[in-house]
Structures are given as structure tokens and as C-alpha cells.
Undergrad: 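Take this structure, written in C-alpha cells, and hold onto it; I'll ask about it next.
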Amino acid sequence: MPKKSYLAVANEAMRAGDYDKAVKNYIEALDEYEENPNAEVAFVAELIASNINYLQKRVEFSDQIKLVLDRISYSDQTNKVRTQRLSTEKVSDNFVKPQARQTENLESVDAKWKLGDGIDFNLEGIKKFGNLFVIHGWMVDPNRNVDFLKISIGPDTQAHEITDQITRFKRADVEVTFKRDKSSDLTRCFGFVVVISNEGARSKEKERHVTLSIGTSSGKVFHHQGYYTDMPPTDESLAALFGIIPHTSVTSEQCNRFYRPMTDLMINTSRNPTVAIDKYFNTNRAGADIGNRVPELSIIVPLYGPTRFEETQIPVMAAWGKHNWEIIFAVDDPRIHKDVVKNVARLSQNYGQALRVVAPSVNQGFAGINNFAANLSRGTNILFLNSDCFITEVTPLRKALKWLKKKSNGMVGFRLLYPDNSIQHDGMTVSRLDDTDQFYLNKHPRMGVPVDLVEELSEAEAEATMLTAACLMVRRDVFDSVSGFDRKYFRGDFEDSDLCLKVISSGKRLGIVRQVGIYHLERQTIRSQQDDVRQKITLINSNTYSIKWQSVLSKGLPLLESVP
Amino acid sequence: MAECSVQRASSPGECSLRVLVVAHGHPSLHKGGGEIAAYSLYKMLRESGDEAVFLGWGGRAESTSGGFISKVAENDYMLYSATEYFYFSSSSENLRKALELLTRRYDFDVVHFHHFIHVGIEAAAVMKQIKPSVRVVFTLHEYLGICANNGQLFKKSGVVCETPGPAQCVQCFPQRTEGDFFMRKLRIQAAFNFVDQFISPSEFLRQKYIEWGLDSKKIAAVENPLFLDQDQKPSPIEAPKSGEPWKLGFFGQINYYKGLDIILDGVEIAIRQGAKVKLYVHGKMSAVTGEDYIVGLREKMLSLSDHVVFHGPYDQVDTLELMGRYHFVILGSRWYENSPVVIQESFAAGRPIIYPGHGGMLEKIQKMGVPYKPGSSDSLAHCLFGLESIAYESLVGIVGRECPNINQSAFMNHQNIRNFYND
């Protein structure tokens, strides 16, 4: 079998110290395996990668070696190796091979990588993420000679001009390599990424290529052909794609062109879920009556991840006594469906607590799961309660219910405490990341202050206009009239302030119950997310929020009413 | 309380109660203080004409035949169940099934739980679901609700924990978050909501639970019942003649928290200073607090072999006789203790106690013994050195006067337990 012999030859050459031969044969071996994928592929590719890594340290084959390394990438899902054949073949004569990624090697190969007209260019990757194509690399164009960029996907697809869709960002490594002035602007030396949507892209192996065409002011056109890599719409993929722009800061343009199309895609994959679970537990025993009566209140607790907050919630709720309230656990995580149902069945029976468990067929995210459960719930009022938020005293809920009876009132929040009895939430206020109106943020003005000392704060420090959704009660007609939580935010942060602004804009008042008895552990469920990715997500959501509410926020908001 | 279910045979017209006593262990398997207290209560109830039933944890998650309950003797059962050891939630249906089955058979008026370890924190809640009118009484034997470190209120750094709380708890358990400890407290308090009456064997423990959040009206301090053969009461012993040593007896399980090492060090220092004391150690070495501790104790006892005699485990029926051999019973507990049975036994034997002056020991012993600074072998040595000048006979007299017999009203006798059952 030829592919075996390529590998054997390469290994032999390695042992004999003929590294040139080894590299050539490893590349051949890789080609063979690519065309006939089998279970051994991952193993062989790993072997090649480790040998090549070894070679890289020993000899000057930087260009070829790095090409091979570029080609070897691992897909988490299948553990099969996919390759990224960048410019090893079918490249027009004018096109020069892409540069090595490691900047220390760039200098030596600088001259021969020139594209012409003083342009240096490197395409670092083409990824297919859902129906999106993400194309990224860098370019040095000191005289601004690049006129246009066009792209075509698959053999029959027409080329699309993407010149204006490109997001440029600073690439310090490239600047250093090409000795660009540090003040060099983003028109002459920059990293780039472009996200385009293409529903018609083929998935057949032979049709996976993408052609990028670069036109210069002198009329030349360089074509570059590469193959795209599939990335499933997962958190891991998203984190990797976010990393293309190597900065923790985010601009409004980056949000519009790069980040938001991807987060929107993630959100949209969960649209229109079916009801996977809708079960009642222990309805004939003590606790809430989920009979034919309309409950006064539906309490919705979303569950996500393996933390099992229901095991604490249920005993705590059982201590509330009897109410005409409906308690719904909304499971937003198919991985824990079985576990939650089992736990709830046992705990509801042991503690005599009537409960309902609902779950959508696919992951919804914060806004989605709450809307989903609200839609199934039947109460005249709805309480959205985070799973790590514990109500040890029901008087605040009763006060809120009473206040909401007045038609001009719409929504009530609560004073929330950390376990050490310092304030977690006592109403939110608006702040801005910078001087622009692009990134409004929510601020918790009294956060961290011991509740016993909170009265000592100045009025300005106590001012609050909006409410967190960690524990938030809304009258159903109000919630429905504003169409619930807006789903355009990805993974939290602004759904609550968005809902507040919608309710305020509909002419209803917001109130807050400032009585102790509700505790919030905060963020224990999503602690695992990488910090830098988390920070970017917050900024992307902030930008979405700011664009939507700029005009309202710039005018100022009414203060929260203290609910007696 | 429930209506009168059965007329008492002994005294017609008086009500007999159907009581289930549930314990975290069965005394036929393990004779711990809590197990003995629970079993004594069961026997006392039966002897007083109540229809008592005993259910003790059988040491396993399920019986050898895979079952959840087994019968030991008439009205005496073992429960097979398991809990995790942080929140103490029962992971199986066994607790519920056993309580359901026994309630169907005996239709209890009262269920009296001792401890929630092994049985499950939700025991009271489960019982209320099975029979809402049942009265649930709960005896707390140590600080497990407050402290995850084996309920000892003792920090892993080696000092008693005076102000337990999430911020302090994570020092002992750095792998846990403060949120975990907050939830632990929420869960235990929520489960305690289903209990009608708590009983604490000491006022000290009662106060600790009140500080923690238990309603003071729901918890009473009543000593555990204990049945000792009063005829066995040893005769008084005279203070040693000149040149003879004071004989000190250590009784009970030997582990780090019980502080035998502090006593050995104290004895060593005192002897070096010329005190005449001899220590007799009765009890089982337990590796629950680590093998190293036991090894260290053995070495220490060997090095002090002229002054320390190790007798090993003893049978509870011999306790009074053994205690009668010594001038003092001695305690070394690092932790607060609650109401160690050794104290009651020592008083029954008419012997004063040398003890660390804190927690349940200070409360129970007071002037019926000689206190020293908890954890301090120097303080103990000083105390032992001072025995020469002590009025021993008068101390024994105080023990005799203050504690004429153990069935006084401060202890759990039938009348006062009925008050809790009838409330």
C-alpha cells in the first residue's frame, strides 16, 4: 500500500537523518490519508506532527514544515484529522505561499513572500461555522495598493466582493516582523477577518475549496485557493473563533461584522424548540396547588449544568408553606434532563413539594428558557428566579404581588444578599464603558456593602433605575405585552435591563422590595467559561443593547419605586 | 399530639403512645454514645408502658439480601440506607420505604430521631409526608448541622471554632466554596423545619444551635437517659497516702479529638516536676483521625510505661467498677463535647473528673471536678501537681450530694420525655 510506504520511507529517512526526504514523504503520507480517511488517521497524523515538530527544531525547513503543521488540525467531535491545504497546489503563479505564522521566522523569508506591488499577505484559515464562512489572516500593504478582495466558495459559486466587509485589527506580531511603525494605521498593516454567509456551500470533500482574489491598483489580480475546515456550532468553536482577534477589547464594528453574526448563529440554532419534558410532581400533596385554579404566581427556575441547585431549592421552597403558587424548574440542558427528573421526583416526594419540570428540546440560553417556561406557565404573575438565588423569607414576594395589583405598576425586583449578608443587588444603574454610546453597561451601585451599613450610603450611591432578573417578578400581561425577554443577547448580561427598558417604555413602573431574606450566590453555574471569552461576550451584548436603547438611555430613566 | 391510641395495661385510663425511635446506628453493631442514648430511650419507653419501636442504621446501604429493613428482635429493626456526607441527603428511597412500612404496621404517634448521619437529613420531612399528624422529635448529639468537620466545631488548624460560618468553613475545606456552606446551612435548616421539637443533651449545644438559627422555643436541653445498675456503685476511695500516686482513669474512644495526647503530655510534665500520678487508659484506639496519631500515642505510652497503663477496650457493664478503682476520671477533649456518657458514668461511680474547662464538659461537671485549660498539657500538669493540696474527700462529697442518682429530673426520664411527645 503506497500510503504505508510513504510513511515507512519517511520514518526511515528520519532515522537516516535525511530530513528533506522525510518531510516530503510525510506530506505524501498525509495526502494519502486525507483521501482515504480511516481510524488510523488521527494516530498517523499525530505521529507525523510529532516528527515534524522534532524536525522543526533541528533543520531549516521552516516553510515546508510549517505548511504541514498548518495542515494538521484536530476536530474534537470526530477525532479525525482534517487538513487545511493552504496553497500547496492549484495556486496561480502570481500567488506566493502563505507565511509562517511564527513571527521570528518571517524576517528571513520576507522578500520571497511578497505578493507584488509591495503587498505581503497571509491567509491563516478558512472556517465554516454553521452557514458562515470565517476567513482570516493578515496583510501588509504599505502603499495601500490593494483595490479589492473577492471570494468564491465551491467550484460553481460566483465571486463576492468583500472589500467593505473586512474587519481589520492590530497584529503586533506582524508589525514587528515587517518593522512597521507602531503608529502604523490599520489600512497598511493589519490582521483581518471576514464573516460571510453562504447557504449554498457544498460539503463534498472535492468542493470544499474557497478562492480569495486580491486586486491591486495596478490591475493585477492574485488568486489564492484554500480549503475550509468545519467547526461545529459549539462553545469550544466559538472560543477558538473569538481568538482570531487577539485582543480583549471589542469595537462596535467588530461586533457588527465579526462577533455578532456568530453569536446570532448560536442563538438561532435553538429557535423554535419543542417541549421535551412537561411533568408534574407530587401535585396531590402539600404545597402549591396545581389544579384547575389559576395560580397567583408562577415561579420559574432555569437549571443548567451539573450543580444540582434543585437539591437546595426544593427543601427551601418546602419551608414556604402553602400558597397558590406554581413552581417550575425549566431545564435548559439536555445533558441533565434525566438527572433533574430523578432528583425532583425524589425531593418533591420527600419534602411534600408540588413541582413542575419543563424542558425544551434544545438549549435556549437565559432569555429563551425563561420565555419558554413563561409560555407554559399559568400564573397571573411570574417570578423569574435564578437557580442559585434562594428565598428564605416569602414576605418580599407577598409585598411584590400586592404592589403588582396596581395596573400602572409592571415589574418588581428584590434586594439580594450574598451569603455574608452584603448586598449583591439593590437595583441597577446605567454606566458606560467609554465616552461613546456604543457600550452601555449595568452597574450595581451598592454591591458588596454589608446590609447593616447600607443606610449610611449617600443618595447618589443608592440611586437605581433597573432590576436584575436573578429574582424578578412581573405581571403576566405586562410580560406578554413586551413579548418577554429579548433573545438577541448571547448568554446573559443584558436580558434583564433590556426587559426593564421595554417595561418602562410601555409606560409601567418598576419597583424594588428592599427586605432581607433572598440570597444570591451569583455565577456559580457559569464559572467554567473562560474569562476572556466571557468578557468579550459581555461587550458584544453590551453593544447590541446600546444600539437598541441608545436614545432611551441617553435621556435618563425614572428611579425605582420602593415597594412598601 | 395524637389521640390516645392504646389504653395502658398498667394504669387503665392513661394513654400509651406509639413511638418510633430512630438512631444513626444499632447498638448491636456499634456502641457509640448516641446509639446507647437512643436505645436506652427505647427501653425506657417500653418499660414505662409505651409501644416503642427501635430502628437503627444497619451499617450498610442495603442489607445482604438487598433489602432496606431487617428485623433484629421484637419491635427492634435495622435500616439500610446511605447519605452523602456534606448535605446528608439520603440518596435512595430506603429511608422512605422503611418509615412507610413501619408506620403502616405501628401507626406511630411520635417519631424520635437521633442524629441524621446515615439516616438522612430529610427524615423528618419524609415522616411528615407519610403521616402529617405525627409528632417529630429530634435529639441533636453534636454540632454536625453547624460544622462539616465531623460536627466537632473544631478547626483543622487545631483550635475550637468559636464563630462558624461560610468564611470560616472554607478554611477547613478549601476545595469547597462559601456558597456550598451557605447552601448546606439552608438545606439543613429547611429540613429541620419539619421537626416539632428538638432536644439537646446539653445547654451548651442548645445555645450553639440557637446562635446558628434554630428557634429557641423549639429546642430544649435535657440530658440523655442512661441505665446503670445503681447497685454497682463502687465504694468511696481515700486520697492516696504519702508517696502513693493519684490514680487517674481515662475512659472512652481514643482519637485525636478526645485528646489523650494532651493528658499524656500533662502527666509527663507533672511527673518531671515531682507530682505523684498514675494514668490508666481504658478504651479502643480508633484510627478515624489517622493512624499516625495512634502510633504517636503508643510510643508516648511506652516511654511513660512506669506511669501509664494501657488496658484497651472495656465492656460498658464494667464501667462503674473500673472507675471505682481510681481517684479521678480524666478527660482531654479538644472539642467542646456535648454530653459525653463518661461524665454520667463517672458521677454514678462517685468519682470527680479532671476536665478541659469548655463546652459541654464545663457545663455538666462544674465543681464536681477540677478544670484545666482546654488543649493545654501545661495547665493540666499544673492541675495534677496541685492535687496534693486538694480536699479530695470534700470533692467526692460534692459529687455524692449533687448527683445522688442519675435518674433525676434533669435527665430524660419518662415524665419529661412525655411532655415533649405530648406538646
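Note on naming: letters A, B, ... go to the chains in the order of the sequence lines (proteins, then strands), and numbering restarts at 1 for each one. In this text the structure is predicted, and so the values were computed from the model without any measurement.
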Undergrad: Checking B/Glu93 against chain A: side chain, backbone, both or neither under 4.5 Å from a heavy atom?
TA: side chain
Undergrad: Considering residues, nucleotides and ligands other than A/Lys443, do more than 12 of their heavy atoms fall under 6.0 Å from its NZ?
TA: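 No.
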Undergrad: Can you give each donor-acceptor pair under 3.5 Å made by side-chain atoms of residues 159-176 of chain B, sequence neighbours left out, with the distance rounded to 0.1 Å?
TA:
from     : atom 1 : to       : atom 2 : distance (Å)
B/Gln168 : OE1    : B/Gly165 : N      : 3.2

Undergrad: So which of B/Leu95, B/Asn193, B/Leu186 has the biggest tally of heavy-atom pairs under 4.5 Å with chain A?
TA: B/Leu186
Undergrad: For the NZ atom of B/Lys185 and the CZ atom of A/Phe390, what is their distance to the nearest 0.5 Å?
TA: 14.5 Å
Undergrad: Sort and list the pairs that fulfil salt bridge (charged side-chain N to carboxylate O under 4.0 Å, His left out) and have at least one residue in residues 52-71 of chain B, not counting sequence neighbours.
TA: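 Applying salt bridge (charged side-chain N to carboxylate O under 4.0 Å, His left out) to every pair that reaches into residues 52-71 of chain B, excluding sequence neighbours, yields B/Lys71-B/Glu74.
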Undergrad: Would you compute the distance between atom OG of B/Ser90 and atom CG of A/Asn350 and round it to the nearest 0.5 angstrom?
TA: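 Separation between the atoms: 7.0 Å.
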Undergrad: Looking at B/Met183 and A/Leu521, what are the two nearest heavy atoms and their distance?
TA: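 Here B/Met183 and A/Leu521 meet closest at CG-CD1, 3.8 Å.
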Undergrad: Go through the atoms of B/Phe194 and report whether side chain, backbone, both or neither lie under 4.5 Å from a heavy atom of chain A.
TA: side chain
Undergrad: Within this structure, what is the OH-NZ distance for the pair A/Tyr351 and B/Lys128, rounded to the nearest 0.5 Å?
TA: 14.5 Å
Undergrad: Checking A/Glu311 against chain B: side chain, backbone, both or neither under 4.5 Å from a heavy atom?
TA: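 Both backbone and side chain.
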Undergrad: Given that the side chain runs from C-beta out, which part of A/Thr392 has a heavy atom under 4.5 Å from chain B: side chain, backbone, both or neither?
TA: side chain
Undergrad: Using atom types as modelled and distance alone, determine if a side-chain donor or acceptor of B/Arg96 lies under 3.5 Å from a backbone N or O of A/Arg346.
TA: no
